[in-house]
Amino acid sequence: MLDNQMKATLQIRDKTVELPMHSPTLGPDVIDIRKLYAEGDVFTYDPGFTSTASCESTITYIDGDEGVLLYRGFSIDELAEKSHFLEVCYLLLYGDLPTAEQLEDFETRVTRHTMLHEQMQNFFRGFRRDAHPMAIMVGIVGAMSAFYPDSTDIADPWQREVAAIRMIAKMPTIAAWAYKYSVGQPFVYPRNDLDYSSNFLRMCFAVPAEDYEVNPILSRAMDRIMTLHADHEQNASTSTVRLAGSSGANPFACISAGIACLWGPAHGGANQACLEMLREIGTVDRIPEYIKRAKDKDDPFRLMGFGHRVYKNFDPRAKVMAQSADEVLGLLGIENNETLQVAKELERIALEDEYFVSKKLYPNVDFYSGIILEAMGFPTSMFTPIFALSRTVGWISQWKEMIADPSQKIGRPRQLYVGPARRDYVEVENR
Ligand code: CMC
């Protein structure tokens, strides 16, 4: 909880303003500027929120200098190794690891909600055949508010809970069907005897004409991808979900807004963009040309899968993902895969290059995830939908936390207006 023993003093021209400060459990102290405008008659200016905490949260902690990521205090490396996605979902949603009984109950509840309302198929079929699966996901998840109106009352904790379970349960079905639709294959219904990631893989790759057996190593790799992406504190899409939710919008609308934000190439869309870049580079000998372009201020090209707003040492998720890529490609006997070779060499060169070292640009989670997903048989257009389905639990946990926070207000940033001052209207004939 916030304590405000410390104070920060701000001198604004001839006025001194004292601002309370708060100490978090981990991370830097925070200056509370809520009264700044009332007392100092000024706003703060922080485009991109590089120094601004937008909320109090107990869910996820990142130490960007040390490369640490904790979900509810547990490190991502340990969770990726010892836990599994649905247990991590429980942890994020309810704050602690479940007992065996709580876990079984949670898994049953999620498993029983995996089917979609049958009429939603009409919705899928309304999209153009070549629609990007992210476009379909934004639409379908938004449309859930119409199909499941009995869980849209945000003032009712039970309805919030049902909405959370519904979205976690149905998101793999939605992502898989968006894929099936794009390749012209029949939708495959979920199966309750399979675990979460196996069920998703089966819904993507099974066809009615023949049986499909999920490879347990691929299913474990998929589960790990989901775990690594499950939450990442106040990133752009999570902040979008919170901002949308701050107006009282229903949870399906808020998550749909989060999916839309995630789609951008600077955020979740980077996994698709990264693999496309690795393919475009094609061979190891062409890497220097791309490194040169990434460093050129006049060229908008950036090395996709490199850099992060918060991680300035390494992205702990990328470490686990690189290991997983080796395992999966080894299993499939494609460890000499050209894309992986290009990725490894690119990483090696970039990590030694003065430009990348001085700017602290390291491979992020998206750098290796695409290679694994491609090896599993996913087209690049499915990479971001898989990120979205994995992040759904994080968005919902953050949304639920926000709704329950008594200090919650509608999000409404200020601005530094630099447009014209007041001027008089000029009749069209006089312009
Ligand atoms: N390649 C080349 N130069 C880069 C890159 C890159 N990938 N990333 C940052 N820089 C440079 C940038 O030009 C700037 O240089 P200067 O100080 O000379 O102007 C400096 O590094 C700082 O960059 P920034 O854009 O101010 O940093 P940011 O914190 O606003 O952006 C980022 C972070 C992730 C958007 C950015 O690093 C980027 O565009 N990376 C590529 C896209 C990507 O991989 N995104 C996935 C992020 S992780 C998963 C997720 O969040 O979804």
Side-chain angles (χ1 to χ4, degrees), residues 46-52 60 62 64-65 67-69 76 134 137 225-241 257-281 287-322 342-343 346-347 349-373 380 382-395 398:
D46 185 17
F49 302 102
T50 49
S51 301
T52 299
T60 295
I62 303 173
D65 294 325
V68 168
L69 169 59
I76 192 67
M134 282 299 276
M137 285 188 82
I225 289 179
M226 291 172 176
T227 297
L228 293 175
H229 285 90
D231 195 43
H232 215 226
E233 50 119 308
Q234 309 312 319
N235 57 84
S237 56
T238 302
S239 299
T240 301
V241 169
I259 298 173
C261 177
L262 185 78
W263 195 357
H267 193 6
N271 52 15
Q272 170 169 356
C274 178
L275 199 90
E276 284 166 1
M277 174 195 77
L278 294 174
R279 280 193 194 143
E280 188 187 310
I281 298 175
I287 293 175
E289 181 195 325
Y290 283 83
I291 297 265
K292 196 166 156 228
R293 283 187 61 196
K295 296 196 286 193
D296 181 354
K297 282 248 163 275
D298 299 323
D299 189 331
F301 174 78
R302 283 187 167 199
L303 277 193
M304 299 314 286
F306 267 78
H308 197 273
R309 169 63 61 80
V310 184
Y311 294 121
K312 299 299 174 194
N313 184 339
F314 66 93
D315 180 339
R317 303 167 301 170
K319 256 192 170 174
V320 182
M321 207 65 96
V342 172
L346 186 63
E347 179 184 16
I349 296 177
L351 291 181
E352 286 174 0
D353 189 288
E354 172 53 22
Y355 174 92
F356 291 89
V357 173
S358 63
K359 292 188 189 300
K360 301 188 171 173
L361 300 170
Y362 295 86
N364 58 47
V365 68
D366 295 320
F367 192 65
Y368 282 106
S369 61
I371 295 170
I372 306 178
L373 294 174
T380 52
M382 275 303 285
F383 295 2
T384 319
I386 289 168
F387 191 158
L389 90 82
S390 315
R391 182 56 58 84
T392 296
V393 65
W395 290 329
Q398 302 267 353

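Everything numeric here is computed off the predicted structure, so don't read it as measured data. For ligands, and for the atoms within them, numbers begin at 1 and follow the listed sequence.
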remark   = Residues Gln398 and Glu233: closest non-hydrogen pair is NE2-CA, 3.8 Å
query = Applying side chain to side chain donor-acceptor pair (under 3.5 Å), which residue pairs with at least one partner in residues 261-272 are found, sequence neighbours left out?
reply = His132-Gln272, Asn235-His267, Ser237-His267, Asn271-Thr384, Gln272-Glu276
Pairs under 3.5 Å, nitrogen or oxygen of ligand 1 with protein nitrogen or oxygen:
| from | atom 1 | to | atom 2 | distance (Å) |
| --- | --- | --- | --- | --- |
| ligand 1 | 1 (N) | Leu303 | N | 3.1 |
| ligand 1 | 3 (N) | Tyr355 | OH | 3.0 |
| ligand 1 | 7 (N) | Leu303 | O | 2.7 |
| ligand 1 | 7 (N) | Phe306 | O | 3.0 |
| ligand 1 | 13 (O) | Arg302 | NH2 | 3.3 |
| ligand 1 | 18 (O) | Lys297 | NZ | 2.6 |
| ligand 1 | 18 (O) | Lys359 | NZ | 2.7 |
| ligand 1 | 19 (O) | Lys297 | NZ | 3.2 |
| ligand 1 | 25 (O) | Arg302 | NH1 | 3.0 |
| ligand 1 | 25 (O) | Arg302 | NH2 | 2.9 |
| ligand 1 | 29 (O) | Arg309 | NE | 2.8 |
| ligand 1 | 30 (O) | Arg309 | NH2 | 2.9 |
| ligand 1 | 39 (O) | Arg302 | NH1 | 2.9 |
| ligand 1 | 40 (N) | Phe306 | O | 2.9 |
| ligand 1 | 44 (O) | Gly305 | N | 2.8 |
| ligand 1 | 44 (O) | Asn364 | ND2 | 2.9 |
| ligand 1 | 45 (N) | Ala266 | O | 3.1 |
| ligand 1 | 51 (O) | His267 | ND1 | 3.2 |
| ligand 1 | 52 (O) | His267 | O | 3.2 |
| ligand 1 | 52 (O) | His267 | ND1 | 2.7 |
| ligand 1 | 52 (O) | Gly268 | N | 3.3 |

task = Not counting sequence neighbours, list each pair that qualifies as a side chain to side chain donor-acceptor pair (under 3.5 Å) and has a residue in residues 361-373.
result = Glu347-Tyr368
query = Does Asp46 use its side chain to pair, donor to acceptor, with the backbone of Ser51 at less than 3.5 Å?
reply = yes
query = Of the options Thr240, Ile259, Asp231, which is the one that meets Trp395 in a side-chain contact (heavy atoms from CB on, under 4.5 Å)?
reply = Ile259
query = ring pair (Phe, Tyr, Trp, His ring centres under 6.0 Å) with Phe356: which residues, sequence neighbours excluded?
reply = Phe306
